[in-house]
Amino acid sequence: MYQTFYAKNSGVEVTNNNKKVWLRFFTFGEGNGKKEKKFALTASEAFHLSLAVLQIVKTDKKNFKLIHKYNEKTTTLTLEKWVKDEKSGFGVVIQGGEDKINVPLNQVDFLFFGKVMEVSAIDAAKEKPKTKKKAEPETEGEKVVAEEVSTDII
């Protein structure tokens with residue numbers, strides 16, 4: 001799965017890799033004006049995001065936040081609905097430290113983003129591990145997670 005959503009000065013790219021859904025946020029600009037941040041989602045987090053999109057569009061809920069903390073660094077992914085004067089829209093925002101990238105979307109693109117998250121979640125969940133040998137312990141922040149990887153489909 002690969003899809004990019006563009007706004008006037010920013011964008012977000014959605015890809016799948018290694019049983020994760022990756023969001024790559026970026027800005028357009030020259031020199032120091034360019035920014036880029038990545039956010040990795042598990043399949044269940046991506047599916048949860050797709051449901052949050054629907055909830056924001058269909059109800060009065062204004063936002064949904066997903067927070068990741070690794071090695072004392074906090075990154076927040078926010079889905080939001082905004083209303084100003086007689087205009088309204090939606091946004092996908094990432095903030096980590098001092099950097100913040102906002103990708104404004106209209107309702108159709110926001111709903112499509114939700115559908116892409118749903119399909120990406122299912123694809124990530126179906127993806128087979130890259131190797132057939134026992135997985136090496138993976139470091140996530142300060143905790144170590146080790147598990148055996150099965151290549152059989154049940």
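What's counted below: heavy atoms across the whole structure, side chains too, no hydrogens, waters or symmetry copies.
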task = Not counting sequence neighbours, list each pair that qualifies as a salt bridge (charged side-chain N to carboxylate O under 4.0 Å, His left out) and has a residue in residues 105-114.
result =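 Residue pairs passing salt bridge (charged side-chain N to carboxylate O under 4.0 Å, His left out), neighbours aside: none found.
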Contact list for residues 36-46, test salt bridge (charged side-chain N to carboxylate O under 4.0 Å, His left out), sequence neighbours left out =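 Qualifying pairs: Arg24-Glu36.
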inquiry  = Whether the side chain of Asn106 engages the backbone of Val108 through a donor-acceptor N/O pair (distance < 3.5 Å, no angle test) should be reported.
reply    =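 Yes, Asn106 side chain to Val108 backbone: donor-acceptor pair under 3.5 Å.
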key: Under 3.5 Å: donor-acceptor pair, side chain of Ser10, backbone of Asn102   =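 Pair found, side chain donor or acceptor close to backbone of Asn102.
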Please name all residues satisfying ring-ring contact (aromatic ring centres under 6.0 Å, His included) with [X], sequence neighbours left out, ordered by chain then number.
{"X": "His68", "result": "Phe39, Tyr70"}
{"X": "Phe25", "result": "none"}
{"X": "Phe5", "result": "Phe112, Phe113"}

Close side-chain approach of [X] to [Y], heavy-atom, < 4.5 Å:
{"X": "Leu49", "Y": "Leu77", "result": "yes"}
{"X": "Lys34", "Y": "Phe26", "result": "no"}
{"X": "Leu66", "Y": "Leu41", "result": "yes"}
{"X": "Phe64", "Y": "His48", "result": "yes"}
{"X": "Val14", "Y": "Leu23", "result": "yes"}

Which heavy atom in [X] sits nearest to a heavy atom in [Y], and how many Å separate them?
{"X": "Val21", "Y": "Ser120", "answer": "CG2-O, 3.6 Å"}
{"X": "Ala7", "Y": "Val103", "answer": "CB-CG1, 4.1 Å"}
{"X": "Thr27", "Y": "Lys35", "answer": "OG1-N, 2.7 Å"}

Name all residues meeting the side chain to side chain contact (heavy atoms under 4.5 Å, CB included) criterion together with [X]; count only those two or more places apart in sequence or in a different chain, and write none if there are none.
{"X": "Asn9", "value": "none"}
{"X": "Val83", "value": "Lys62, Ser88"}
{"X": "Lys100", "value": "Val93, Gln95"}
{"X": "Thr74", "value": "Ile67, Lys69, Thr76"}

task = Output the distance between atom OG1 (Thr15) and atom CG (Asp123), rounded to the nearest 0.5 Å.
result =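 Answer rounded to 0.5 Å: 11.5 Å.
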message = Does the plane of the ring in Phe28 sit parallel, tilted or perpendicular to the ring in Tyr6? Use 30° and 60° as the thresholds.
response =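 Plane angle under 30°, so parallel.
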ask   = Which other residues end up in the same hydrophobic cluster as Leu51, if Ile, Leu, Val, Met, Phe, Trp and Tyr are linked when side-chain heavy atoms come under 4.5 Å apart?
value =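 Other cluster members: Phe47.
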List the atom pairs, donor and acceptor, that lie under 3.5 Å between side-chain atoms in residues 52-59 and the rest of the protein, sequence neighbours left out.
unit_1, atom_1, unit_2, atom_2, d
Thr59, OG1, Gln55, O, 2.5
Thr59, OG1, Lys61, N, 3.2

ask   = Sequence neighbours excluded, which residues qualify as side chain to side chain donor-acceptor pair (under 3.5 Å) partners of Glu118?
value =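 With neighbours one apart ignored, the set is Lys115.
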